[in-house]
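The structure under discussion appears below in the form of structure tokens.
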Amino acid sequence: MSKPLSFALPENLLCVDSTVDAGVPIDAITCAIARADSVLTLLEDHFEGESRLANHVIAAVIWDVRGTLGLIKTLALYGDTTSIPAARQGGSL
């Protein structure tokens, strides 16, 4: 049984392409972090500036950052599952 596309969030549909090389997609992760930072800067201006954002804009900012964090998690988990751990050097197990 397939899942319907209606009421699906983008974070539930997006995944790492199966043809991508194994490893940590650091460029995609840093890009997603920069995007989230930019959106949070918009929210920061709401509290420091003279103009105020509408509640629906603030809610969209929070929703966007939450979605970006989901994408970062997807990318980090892909990097973790496809990377070969480095050999441990000393220390206890």
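Nearest heavy-atom pair, Cys15 versus Thr74, reported as atom, atom and distance to 0.1 Å: CA-CG2, 4.3 Å. Taking each heavy atom of Gly23 and Ser83 in turn, the nearest pair found is CA-OG, 3.6 Å. Closest approach of Pro25 to Tyr78, counting heavy atoms only: CD-CD2, 4.3 Å.
In terms of hydrophobic clustering, with Ile, Leu, Val, Met, Phe, Trp and Tyr side chains grouped at heavy-atom distances under 4.5 Å, Leu77 and Ile26 are assigned to different clusters. Under a hydrophobic clustering in which Ile, Leu, Val, Met, Phe, Trp and Tyr are joined whenever their side-chain heavy atoms come within less than 4.5 Å, directly or via other members, Val57 and Val39 fall into the same cluster. In this structure, Leu75 is not a member of the same hydrophobic cluster as Ile84, with clusters built from ILVMFWY side-chain heavy atoms closer than 4.5 Å. Following chains of ILVMFWY side-chain contacts shorter than 4.5 Å, one can reach Leu69 starting from Leu40, so the two form part of one hydrophobic cluster.
In this structure, CG on Asp45 lies 12.0 Å from CD on Glu50, to the nearest 0.5 angstrom. Rounding to the nearest 0.5 Å places OG1 of Thr30 at 9.5 Å from CD1 of Ile72. To the nearest 0.5 Å, atom OG1 of residue Thr68 and atom NZ of residue Lys73 are 14.5 Å apart.
Counting non-hydrogen atoms of neighbouring residues, nucleotides and ligands closer than 6.0 angstrom, the CG atom of Asp17 exceeds 12 such neighbours.
Between the Arg52 side chain and the His46 main chain, a donor and an acceptor come within less than 3.5 Å of each other.
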- Audit row: Leu42, Leu53, side-chain contact (heavy atoms from CB on, under 4.5 Å) steps and yes/no: CA-CA 9 Å; Leu42 170 73; Leu53 300 171; 4.2 Å; yes
- Message: Assess the residue pair Ile29 and Ile33 against the criterion (side-chain contact (heavy atoms from CB on, under 4.5 Å)); give the C-alpha distance rounded to whole Å, side-chain angles, the decisive distance to 0.1 Å, and a yes or no.
- Response: CA-CA 6 Å; Ile29 291 171; Ile33 291 169; 3.9 Å; yes
